[in-house]
Amino acid sequence: MSATAITINTVTKHFPKTGRIGMRALFTGIPPDQRFTAVDRVSLRVPKGEVVGVLGRNGAGKSTLLRLVGGIYSPDGGSVALTGDLAGLFELGGFGNTQLTGREFAFRYLDLFGVNRGEQPAIVDDIHDFSELGAYFDERIRTYSAGMSARLYFAAATAIPHEIYLIDEILSVGDEHFQAKSWARMRERLAGGASGLLVTHDWSAVIKLCRESRVMDAGRVVLAGRSDAVVAGYLDLPLPAADRARLLEPPPEALRAESGRDCTLSFDIEVLEPIAVRAAVSIEVLQLGVGWEPVILTEFQDAGRGPGRLRIELNIPALPLGPGEYSLSFFLNTAPDPHTGSVDILDARAWTYGNGLVFTVTGEDTGCGVAPFPVRWSEEP
Ligand SMILES: Nc1ncnc2c1ncn2[C@@H]1O[C@H](COP(=O)(O)OP(=O)(O)OP(=O)(O)O)[C@@H](O)[C@H]1O
């Protein structure tokens, strides 16, 4: 198993129903009839180098979970363990003294993280630039708009690399220009090997950043697994009917191959009507902050005519993919109608439907990335 950055073990958090509790409850805990459970026995593991997404509707318990991980709340049950230093990007505007100016806040932040005094001025300049606060950087934070303080906190929290980021809707603050900059910086930090927990309503951010995610509802984890399937469940996405032709579930060994070797992927399909079918395959890799990007994409090919069972094969010479797990999408369509040219989707397995297949490439990691093609560069004299 890969190394772990965050371990959340059956964590529970209660709040008083009335918002007020007696002195005794401070020592004995809130009596069961006067409390409600905001986080209910949640367990979750974030592997090093990955961001796990937590989706959920308002009041599901996401922010409370993040605060438990960040140490702002202590759990009433269970435990949290972190391996690595932590940057809290959560609760924008909720940390720091708003009587400070932006510049004073930046210096304090760097002090807090033990940054050497000699290095601080250059990093504070970077925070000033990144936040685009201009002259406001020397005004008190309490005079800032919500967006301005969000920019300051984001710029400070990401100015120096941390090992663990707790991200709460951060990538949806600011205008589009600032969001794009924030994404670029987050990608850079994560590509450098950082890990994190992202809590959000924004399922597209989860698709772009997280291989794994969870959905919380009423304090509990109600869906867990690969992000594509979790997001599809969260959105309750409709799937193709697959009632005229369908792909039969390939056994996992049918979707394994060795890097650099010729490979044949077999797909069994069942066609229930006298129709001609066509198939296409796309193999995608998760690019942090970008999403699933195709690295091999076939055209639609004739796959035979029904009714009956058909086997189709895809041959890839000298598989140009490094070892790892890829998402494989398989599409089964009708042949174009000779009169109208229209095509019907008969069946699909794809991360966009939340049911993508896993394609595993084995072999030695040559460090050549996902597509170690034998390319050659030359220089014009
Ligand atoms: N400090 C607190 N005291 C009392 N109740 C709280 C406190 N913090 C959160 N709650 C309650 O706990 C529940 C979970 O809140 P939480 O903020 O974790 O949800 P969330 O999933 O982050 O919601 P949102 O998406 O709206 O931010 C809500 O019912 C909320 O009202």
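Whatever order the structure lists ligands and atoms in, that order sets their numbers, starting from 1. Residue numbers run from 1 in the order of the sequence given. In this text the structure is predicted, and so the values were computed from the model without any measurement.
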Could you walk me through whether T4 and R45 pass the side-chain hydrogen bond (donor to acceptor under 3.5 Å, both in side chains) check? CA-CA 7 Å; T4 301; R45 172 180 167 271; 2.8 Å; yes
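- Nearest residue to atom 18 (O) of ligand 1 from T64, I72, L65, V54 is T64 (criterion: closest heavy atom).
- By the 3.5 Å distance cut-off applied to N or O atoms, G56 is not counted among the residues near ligand 1.
- Of the candidates Y73, F15, F36, the one placing a heavy atom closest to atom 30 (C) of ligand 1 is F36.
- Between F105 and F137, the ring center distance fails the sub-6.0 Å criterion.
- The aromatic rings of Y144 and Y136 stand perpendicular to each other, their planes meeting at an angle above 60°, with 30° marking the opposite boundary.
- Checked against a 3.5 angstrom limit, the closest N/O atoms of G61 and ligand 1 fall inside it.
- Every atom of ligand 1 is numbered from 1 in the order shown, and the set under 4.0 Å from a heavy atom of R57 is 21 (O).
- The distance criterion of under 3.5 Å between nitrogen or oxygen atoms is met by A60 with respect to ligand 1.
- The aromatic rings of F359 and Y326 lie tilted to each other, with the angle between the two planes from 30° to 60°.
- Heavy-atom neighbours of E299 CD from other residues, nucleotides or ligands within 6.0 Å: at or below the threshold of 12.
- The residue from G219, A218, S63, G59 that puts a heavy atom closest to atom 14 (C) of ligand 1 is G59.
- Cation-pi geometry between R57 and Y234 is met: the NZ or CZ atom falls under 6.0 Å from the ring centre, inside 45° of the normal.
- Within the structure, the closest approach of H201 to ligand 1 falls below 4.0 Å when heavy atoms are considered.
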